[in-house]
Trainee: 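One structure, pasted below without further comment.
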Amino acid sequence: RLLIIDDDAGCRTQLGAFFEDSGWEVWTAASGEAGIARLDQALPDALIVDLDMPGMRGTAVIAWVMARHPHLPTIVVSGTTDMRDLVEATHKGAWDFFLKPVENPAALEKTVRNCCERARLQRANDVYRQHLEDILARDFVVMENGIIGIVSIDQAGRIKWRNEMAMTLTGLPLYAGEPFLSQFSDIADDWPAVATRLVAGENFRAECSCQSVSAEGAIRQTRLQLAG
């Protein structure tokens, strides 16, 4: 599905006919405002937009799209000869641009298809990254003599949250944002291996020691069980 936003009826008709002949379902809008209203109803697979339109200009449409649908391929087709417009469109998030008149619509159609493939890969990568974060971002349990503390970490092994008992057991402040496993001398350098095990769906359990310094300067060595 392709949405063409252009105030030039001839351009809408010409490009729309070519893309329909190429197997696309084509939607059209004669203004930026009408295009936004169409996008609010349903998303196409790609968007072609003119820059110089009355009312809402193409750059404003691009900015609106990128703020809400950054993976929607947006290609500029415009008769502008002002390079500043093209640079602004690129900065706003345009994926590519063609100058009017489009002398080779097949090249435009190929570019749109390539951009759609890029978008598909980006979405798949986002899904994988979120899946990975969901796997790696988990709670670790710190245990000593049946007493339990909890530490939540992110996918990089940094502390997101901890309860008071986790700090009491380790004797450490466990600040948000600092690495968690580096607090344990036994496995400080083993986070990549632990991450690999977590991605594989394995549980993690180890007996570890951590060292802390009391307010009086005394060094405390604590032996704990760690599970995640």
Side-chain angles (χ1 to χ4, degrees), residues 1-8 11-53 56-80 85-138 154-156 192 195-196 198-201:
R1 294 172 302 190
L2 173 71
L3 173 61
I4 301 173
I5 304 176
D6 197 326
D7 63 318
D8 184 339
C11 185
R12 293 198 309 273
T13 300
Q14 176 200 5
L15 292 181
F18 181 86
F19 274 87
E20 285 179 343
D21 289 344
S22 300
W24 292 78
E25 177 183 342
V26 177
W27 309 336
T28 61
S31 68
E33 292 84 354
I36 293 300
R38 190 70 175 86
L39 289 168
D40 269 337
Q41 294 174 7
L43 279 182
D45 297 300
L47 168 65
I48 289 176
V49 61
D50 187 17
L51 291 183
D52 192 11
M53 297 183 290
M56 189 177 194
R57 300 191 76 246
T59 49
V61 173
I62 295 168
W64 186 94
V65 169
M66 290 303 108
R68 295 163 178 80
H69 310 290
H71 294 324
L72 175 60
T74 302
I75 294 90
V76 169
V77 175
S78 177
T80 183
D85 286 340
L86 298 178
V87 170
E88 181 184 4
T90 302
H91 287 170
K92 296 287 187 183
W95 291 42
D96 211 328
F97 62 86
F98 280 72
L99 292 177
K100 292 180 180 178
V102 179
E103 297 179 353
N104 187 352
L108 172 60
E109 199 265 343
K110 181 178 180 181
T111 295
V112 172
R113 287 192 182 276
N114 289 342
C115 288
C116 286
E117 177 62 14
R118 276 175 52 201
R120 185 191 68 79
L121 293 174
Q122 288 177 359
R123 289 191 293 268
N125 187 56
D126 283 352
V127 170
Y128 173 76
R129 184 184 298 113
Q130 185 59 56
H131 176 63
L132 188 63
E133 291 179 0
D134 290 343
I135 291 173
L136 295 181
R138 60 171 64 192
D154 63 17
Q155 69 275 13
T196 300
L198 295 178
V199 170

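Just the heavy atoms: all of them, side chains too, but no hydrogens, waters or symmetry mates, feed the values below.
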Trainee: Taking Arg12 for the side chain and Asp6 for the main chain, is one N or O donor matched with an acceptor at less than 3.5 Å?
Mentor: yes
Trainee: Name the atoms and distances for all side-chain donor-acceptor pairs under 3.5 Å in residues 86-94, with sequence neighbours left out.
Mentor:
residue, atom, partner, partner atom, Å
Thr90, OG1, Leu86, O, 2.9

Trainee: Not counting sequence neighbours, list each pair that qualifies as a side chain to side chain donor-acceptor pair (under 3.5 Å) and has a residue in residues 102-113.
Mentor: Trp24-Glu109, Glu109-Arg113
Trainee: Taking side chain as C-beta onward, heavy atoms only, is Phe97 less than 4.5 Å from Leu51?
Mentor: no
Trainee: What distance separates Leu47 CG from Cys115 SG, expressed to the nearest 0.5 Å?
Mentor: 11.0 Å
Trainee: So do the side chains of Leu108 and Leu15 get within less than 4.5 Å of each other, counting heavy atoms only?
Mentor: yes
Trainee: Verify, without hydrogens or angle tests, whether Asp45 (side chain) and Arg1 (backbone) share a donor-acceptor contact under 3.5 angstrom.
Mentor: yes
Trainee: Would a 4.5 Å heavy-atom cut-off, applied to side chains only, mark Arg38 and Ile5 as touching?
Mentor: no
Trainee: Is any side-chain heavy atom of Pro44 closer than 4.5 Å to a side-chain heavy atom of Leu39?
Mentor: yes
Trainee: Could you tell me which non-hydrogen atom of Ile4 sits nearest to which non-hydrogen atom of Gly16, and how far apart they are?
Mentor: CD1-N, 3.7 Å
Trainee: Closest heavy-atom contact between Ala34 and Ser31?
Mentor: N-OG, 3.1 Å
Trainee: Identify all side-chain donor-acceptor contacts of residues 58-74 below 3.5 Å with residues at least two apart in sequence or on another chain.
Mentor:
residue, atom, partner, partner atom, Å
Arg68, NH1, Trp64, O, 3.2
His71, ND1, Gln122, OE1, 2.9
His71, NE2, Asp126, OD2, 2.5
Thr74, OG1, Leu72, O, 3.1

Trainee: Among Val77, Val26, Val102, find the one that has a side chain to side chain contact (heavy atoms under 4.5 Å, CB included) with Ile48.
Mentor: Val77
Trainee: Could you pull out the closest heavy-atom pair between Arg57 and Asp52, with the gap in Å?
Mentor: NH2-CA, 4.0 Å
Trainee: Considering non-hydrogen atoms only, spot the tightest contact between Ala119 and Trp95 and give its length.
Mentor: CB-CH2, 3.8 Å
